[in-house]
Structure formats: structure tokens, C-alpha cells
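The structure appears below as C-alpha cells.
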Amino acid sequence: MGHYVPHTDEEIAEMLAFVGVDSLEGLFETIPAALRLVAGDDGRYLDLPDGRSEADVLAEMGRLAAADPAAGLVCFAGAGAYDHQVPAAVRSLMFRSEFVTAYTPYQPEVAQGVLQMLFEYQTLISRLTGVGIANASLYDGATACVEAVNLAVAASKGRHRVLVSRGVHPHWRGTMATFARGTGHELVDVALSEDGTTAWPDAAGEGIGAVLVQYPNHLGVIEDLAAARACADAHGALLLVAGDPVSAGLLATPGSLGADVVIGEAQPFGTPLSFGGPYLGYFACREEHVRRLPGRLVGETVDVEGRRAYVTTLRTREQDIRREKASSNVCTNQTLIAVGCTIALSWLGTTGLRELALRCARATRYTREAVLAIDGVEAATTAPTLREFAVRLPLPAATVVERMADEGFLAGVALDESDYGDGLLVAATERRTRDEIDRYAQALEKVIR
Amino acid sequence: MTRVPDAAAAPGGRATSAPLMGRDEEPTVFELSVPGRAACSFPSTGLPEWSAEELVPAEHLAEAPLALAEVSERDLVGHVTRLSHRQYSVDLGAYPLGSCTMKYNPKLCDESAALPGLRDVHPAAPAALTQGWLELLVSLEEWLCEVTGMHSATLQPPAGAAGELTGLLLMRAWHDDQLASGAATTPRTKVIIPDSAHGTNPASVTLGGYETVTVPSDDRGCVDVAALREALDDEVAGIMLTNPNTLGLFEEDIAEIAAAVHEVGGLLYYDGANLNAILGVVRPGDMGFDIVHMNLHKTFAVPHGGGGPGAGPVAVSERLARFLPGPRPVRTPTGAYDWETPADSIGRVHGWHGNALALARAYSYILANGGDGLRRVADLAVLNANWIRHRLRGTYDVPFDRPNMHECVLATTTLKKERGLTALDVAKRLLEEGFHAPTTYFPLIVPEALMIEPTETESLQTLEALCDALERIAAESGEEAHEAPRTAPVRRLDEARAARQVIPTYDARPAEQ
């Protein structure tokens, strides 16, 4: 079918004549014949379904979408992926095709739209994190942690051991472990205390380049960043903080508490749950590390007539120029999601961000009290939590999630047992109402009975 | 020529857009801000209205709210809309950016990815409640394996460079396993890449823990096989190749190269940046490659988003399947779908399952095109690029003037000598003509390179208009081009100043500005 190829048969014939080739197949004569695919008896080169009309494709996509009942459940799951409202203005603006169908801004004269949006994004992330420089985005929270560790090891002149709190999202730690196979960095696991905060060691040996903590951590506990900073200082290491950007509406910024690098997942601002992607890794650090910053950086400058303009800058850090000596291999990242984040944060504004954080904290507090009032449910941590919390249940958490789905709820995320023991991680965003939470608690009481 | 008998009366679809670009400077959102103004609203919940002090221990609480922009929704919408008018895009006009495959992105795919049953699914929801998503992912893996001639795939890598690094870690896992099992005795330390390779290749090699060894191209623009043989020994972990290469030329000696690399125990990595040229024509697996990454935002029409999100799945041959990242979506014997982590998995390379909605777009693109449509994509992408080379060969230098694949590399070497016209000048002047510029100064082995990739979705009329413009520019004195662009939203920028005095945020602007 080839719905999106405009050529008519006459045009193809004329073009072939112009280039001096007698058939489309003839265009591929530089490819050794022995390697080329040969059409089967059915005329097919590839064993793929035949092309379909737009209506037929949408019907098939609709069939698959209908086979995901998870989409219709009232969501109490979090763990780095949160069910926040996506304002209509965000949906309508970020999907303007000028943003959607542009390439990376290599020609800044015709890319001021994307460049200025990224400049505003970098400003907002810098304010949320409390450190001076933010890049133009990374893939997600997990890969932002990987890049933070790479920066820290390089900045500490190759001290390649990294203390990683077990309160960091297990998937993020897993991703870091995968990439450490290539870089040779050694990730040292630091366990949690009974209360759910990280039990930092006084002396963890030589060669520690960085300390990584999540804030609030995977179990929802607000970590004591002063303690993490003290541990970093004791080892002469950088402090890396993976922060929840919504909590930034209430909590002191990681930068103000001594973080050198602040990274995290900015999905909550404008991006739906999306089955986990595309999300938005944010990356910010103190100015002194700017020449080691991974990925793209937009800076303000002027054009030849002195008009304010924006351009990607310090490009000599990047892979296409520095090649094997680049600070990172990042090329394509998550620009469109960063554009959405910028719009969402400006829609919220100063009072809105605080209100959002407050509403999430209220819904979570109410849910926590309702759930802990149920016989047989116990808190998994005792230190203060903010936007999610973990509980122990009399049944395996996976079983509870399964049964709660029949009651219309996505009950939460079953904890990674090897790290935390069996339990359920529960989050309530600003979208959850008192009525939903009351019904959730009733259903939970029923299914664990 | 008589292709279009009456071009004025029937101009066809020409994709150019200069008059549409907004030239007025737009203040930042922070300058539009008025204290006390806000766009937001929140759902009514009926929950107790506990104060911040009641919810957060004092030692953790911020002293003051973070200052963001304070704008009305109307101001915000106006601001972002005006910025969008200062942005070129495929939907406005042709984007012949070599190596980037800026094809038209079907609207059907946008609609597919916006279906609530896909969009509103939590990534940790149990498999039993996400069978639709899992079926989509399993089918997409199978289709991508069929297109590339490989055995199994991972969809986790969120971009091409992430796919490269994933591939190198798979290479490493293979060689580590060979050592551990006694099948090999010496550790491998080097990865070979040609001098025409994308910059992400050597950067990924370093992050994969290997050393880059560069091999030169020969006078035909392909890997110098003799030099490659010289570089091959039992310390070589593998080679990374783009085929067709970044000159748009097919590496004709690929079978010989594959045999030589395999002979010393190395693996072949296929950089899929140029896969668009060979869909349904030839497959990396059949050429002898062991690891393949694809850029779904190039070949499979996922829109580029101004620099992502993309998706960079990696497919491998059977012997490497057990190392793939996990968990992987699988079809179980009962026909239901589930997650499974391969026996010797290198682990996760993404926080969840990859850029899932980008994967859904690619899935719907493949569904719409089918196998026959994908072959047609390659046919017309290659025809368009060859037509451009033939049309412009008398105007610009063609360093390697032989049949090319989906892109052709021209150069302004002669024009620079005669009139000082550089590749950069041509690129900037072309912006005035309503086209995006080609890729310039890449590949690095061609001085004053202009790398043009028209893609299959541009019409003959657009190619003619593009070549008319490039011929006009070449015929000018060169003065106009030095001054260009004069009609774009801004003129040439002071990039040196941007790097010397870095202003990365609105807050970092010097006070006097």
C-alpha cells in the first residue's frame, strides 16, 4: 500500500530514467545479489502482515487498548510513575506539530521555539533542584542516575566506588548496575534502618567518589539529606540526590541541603502513565561541573543584529564532536517531554506547585490512616512519609493487587521482595477523592480478610 | 525535462515554508509573569485540608514556596503558540537532514498512541491486566526481528545511543561468558569503527569499557578491508558498522568483513541509523551481523519531538539472546503474555519497559505499511536520493559519484575555492528558501560536506524545488550566503559568546541585560 509515499507510477518511471536505472530493483545493484532478499511465491520480501487502511489500523489498536483493563482502574500505584492530572493546555500545546515533528535544534535560526522552551525548562529545573545548571533532559530517572554517577566519578578523578542507598528505586539501581559493567564503577549497597531512612556508614573505605540517595526514597520516606551530606563529606565524595519533583513544592531543595548533583523523574509534570515511557529524566548540578554535564545544554546569546536568541552550547562536551572522549553518548533524548513539563510547570505556577504537593500529601496521609486502621495491616516504615508509603499485609502483596483489581483498584506496587521483604507501596495523588479512598480501604479490608 | 508539463498550473505538493516563520522576539515565560496570577485548578476531593506544617516535619519543610512563572492560561497558550511559530518542522516543509531520516510522521500513529487503553496504563500493573500492551510489544519484537533478520530483541533502549551502549554491553557479556566457560583465553579490549562513523559509536565504545580503534575508508568511500584485516586480532571484541554507511554507500564487502571479524572471534554490531534504505531489500542478519540497533524515530516514523523521545530497540542473533535485558515480554505456551528475564540477562537498561508510546507509534506505522509498504519505503527513499545526486552533480562536488542508497553526500569544495561558499553558507542560505538545511560537515572525512537525505515521503515537486534552490545558491556571488539567513526568526548567532559566557538559565542572565 505505502500510504505515505507520494510518487505516481509515471513519476517513478521518469525518475528512474533520469538516474539511468531501469527498475526499482536496479537501484540496489551495489548490494551483492547473494545477500538481497528474493520475493517469495506470494510476492513478499518480508514475512509481515499486509498493509492496512487507517480505519483498520485504528480498529486493531483499539482491540489491543481494550485488552488493558489496568487503564480503567482507580490508581493507587506510584513507585516513580504517578497518576497526576494532565492539563488540557499541556495536551493541546505540546502536541503542536511544530514541536512534535522538529529535529534536534542543529540550525538554531529556525529552531528558536524548541530552544527557548528548553531554556525555560532548564531554568525551572534549576529552581526546583536548587543548583545552578540543568541540562535539556535525559531519558528517565534511571538513566539520569547512571549519568550522575559517571559525572561524579570523573569529577572525583576516577574514584569509582559509589555508595548507593537501598532506598533508591530498585529499577534505577538495576539500571545503574547494568551500565557499571561497562564503566567498571563499583556500586556499594547501603541498607535502610528500621525506620526506613538510609543507615549511612561512618567509614566505607577508600575510593568513594559519590553518595546517592533518593528524596523521598522508594518507600516514601523523607530522607535526612544532612546525614547523607555528612557521609559524603566523610568520604570526600559528591552528594547525588534523586529527587521527586512534586515533593519540591513542599520540601527544602536538595541544592539548599548540600547536593552536588540532583536528578530524577519529571513524569508527574504533564506526562500520562504511558506504560512507563516516554518519561523525562532531569539532570542538574552545581556550576563547577558544567563542562562534564551529559547531554545537551541550551544557552542564551545574541544574533548578528544583537537580538536575544538561544543555541545549544558547550557542544565540545558532546559525542558528535568529542567522540570517544565525550562526557556521555547521549544524542536524542526527551525534548518533547521537556516541552510538556515546561508548560505543565508554568500552568501550575508558584502557588500551584505548592498546592499540588500539598494535595498529594493530604491524600496520602488520609489513605495511610485509613489503611493502617485495617486489622492485619502494618506500617513498613516509621519515619515521616510524604507522597507514598509502604505497608505489610497478611497476604502476599501480588495477591492483594490481583484481588483489588476485581474491586476496581490498582492497589499499589508490590515491593521488590529481596530488597524490602513482601509489602505494598501505595501512592495517592491530587486526583484521588475521599470517596475513592474510603472505598479503597473497604475493598482492601475485604480482600485480605 | 518534461516531468511536469505545466508546473505553474499544476505545481504538485511542494513542501517549503519560509513565510510561516515568526520573526518577533518572544519574552521568556518569566518575563510574562505577574505575581498572584495562575492558570491552575484542582479537583474537588472532600479530603481534610491539613496544613503543610501538619504534614511535613519542620526540619524538611521549605522556608518559602519555589518561585515559578505566574501566568494566566491565556498568556501561557499565547506564549507557547508564538514560540511554535519560530520553529521549523517536518509538517511545515522538507527536512533533508542526512542521517536523520526526517520523514513525514503519519497522524494515524499519533492517534494510536493517544488511546486511553494504552496511554493510561501504569507500568507496574500486573501482566494479567495489560495483555494488550504485552501482545503489542511481543509482536513488535517479532516484526523488527523479521525486518532485520535477527532472532530476538529488546525494546527497552529509549534512543539510538542507548541501543548502541546496550549492544556493546551484550558484546561484553558474550565475551565474558566465553572467557568464563574456557572457550576463550584472552580478554577483549578493542572495538573497531570506521572513520566515517557517527560520533555516538566511539562515545558508546568508551562507556562499554572498550578502546576505540579507527579504520580508514578507502577511495571508494567504504571500509578499507586490508586495513581492517591489519587491525583484527584476538583482542578485538567486535566492529560497529553502519550499512549503508554515512556516505550513503553500501559496504559491498560486508560478507568478507563479517567472515574476517568472526574468524578472530569478534562480533559485528549494526548501527541501524540508515536502516530506511534497506527495508525489505537486505537484512543485517543475512549480512552476518550479530547485534543490531534500530532508531524507530528514523525508520519507523516516530516523530523526532525536537530531539526525542525516540526508541532504540536492539535485536540479536540466537547465541546472544540469553543475555538480553529483562524483563522481556513473552508469549507463553497457553497463548497468554507475561514478563520473563533471560537466563544470563545483562539487566535493565531503562526504568520501565522503554519508551512504550513511541513503540506503539512504530507498531501502528508497521501495521499501516505492511511488509509490502516497507519495501516501497526503501525503494522510493533510494530513488529520491539518487535523483538528487544526478540533478546536482554538475553544480556541487560529489566526492563519491556512484550509486548511493537513501542519502547522498555533496560538497562545496570547488565553490569554496572559487567564491568562498562554504557548506555552512549553503545551509544557512537554504533556510531562507523555506527548507531545512542538510547535515553539514559530516561525515568528517569529507571536507565541506552537505549530506542530503530526502526520505521517501517528499514528492518529485519538492525535490525539484529543493534542487532549484540549491542551484540558485550555487550561482550567486556568495555574498548573499555569507549574510544568510536574513528571513529566519533570527540571523546567525554568536555561538562563541554563548560558550564563553554560559547563560544556561533565565536566573543566570547578567543584571545589565
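Bear in mind the structure is a predicted one, so any value in this text is a computation, not a measurement. In what follows, chains are A, B, ... by sequence order, proteins preceding strands, each numbered from 1.
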**Item:** Salt-bridge present (B/E26, B/R86; N to O < 4.0 Å)
**Value:** no
**Request:** Side chain from CB out, backbone as N, CA, C, O: work out which of these in B/L97 comes under 4.5 Å of a heavy atom of chain A, or both, or neither.
**Result:** side chain
**Prompt:** Quick one: what part of B/T212 sits under 4.5 Å from any heavy atom of chain A, side chain, backbone, both or neither?
**Reply:** side chain
**Request:** Please look at B/H122 and chain A and tell me whether the side chain, the backbone, both or neither of the residue comes under 4.5 angstrom of a heavy atom of that chain.
**Result:** both
**Prompt:** If you count heavy-atom pairs under 4.5 Å between each of B/A125, B/G306, B/P126 and chain A, which one has the most?
**Reply:** B/G306
**Asked** How about A/D68 and B/T130: does a side-chain donor come under 3.5 Å of a side-chain acceptor?
**Response** no
**Item:** Contact leader toward chain A among B/E73, B/E164, B/H350, B/E70, where contacts are heavy-atom pairs under 4.5 Å
**Value:** B/H350
**Prompt:** Distance under 6.0 Å and angle within 45° of the ring axis: does A/R36 meet both against A/Y45?
**Reply:** no
**Prompt:** Highest number of heavy-atom pairs under 4.5 Å with chain B: which of A/E324, A/M61, A/E98, A/E109?
**Reply:** A/E109
**Asked** Do you know which of B/A508, B/G160, B/A38, B/S204 has the most heavy-atom pairs with chain A at a distance under 4.5 angstrom?
**Response** B/S204
**Message:** For a quick check under 3.5 Å, do A/E120 and A/Q116 share a side-chain donor-acceptor pair by atom type?
**Reply:** yes
**Fill in**
Okay, B/M102 and chain A: the region with an atom under 4.5 Å from a heavy atom over there is side chain
**Item:** Contact winner vs chain A - B/L165, B/D120, B/L55, heavy-atom pairs under 4.5 Å
**Value:** B/L55
**Asked** Which region of B/L374, side chain (C-beta onward) or backbone (N, CA, C, O), has a non-hydrogen atom less than 4.5 Å from a non-hydrogen atom of chain A, or is it both or neither?
**Response** side chain
**Request:** Tell me, for B/A301 versus chain A, whether the close heavy atoms (under 4.5 Å) come from the side chain, the backbone, both or neither.
**Result:** neither
**Asked** Between B/G209, B/A52, B/S84, which has the largest tally of heavy atom pairs under 4.5 Å with chain A?
**Response** B/S84
**Message:** Please classify the contact of B/L249 with chain A as side chain, backbone, both or neither, using a heavy-atom distance under 4.5 Å.
**Reply:** neither
**Request:** Check whether the side chains of A/T175 and B/R348 place a donor and an acceptor atom closer than 3.5 Å, and report yes or no.
**Result:** no
**Request:** Please look at B/V502 and chain A and tell me whether the side chain, the backbone, both or neither of the residue comes under 4.5 angstrom of a heavy atom of that chain.
**Result:** side chain
**Request:** Side chain from CB out, backbone as N, CA, C, O: work out which of these in B/R172 comes under 4.5 Å of a heavy atom of chain A, or both, or neither.
**Result:** side chain
**Asked** Do A/T332 and B/H304 have a side chain donor and acceptor closer than 3.5 Å?
**Response** yes
**Prompt:** Where on B/E25 is there a heavy atom nearer than 4.5 Å to chain A: the side chain, the backbone, both, or neither?
**Reply:** side chain
**Message:** Just so I understand: if I count every heavy-atom pair under 4.5 Å between each of B/Y95, B/W143, B/W133 and chain A, which residue has the most?
**Reply:** B/W133
**Message:** Regarding A/D50 and A/R44, does a basic nitrogen lie under 4.0 Å from an acidic carboxylate oxygen?
**Reply:** yes
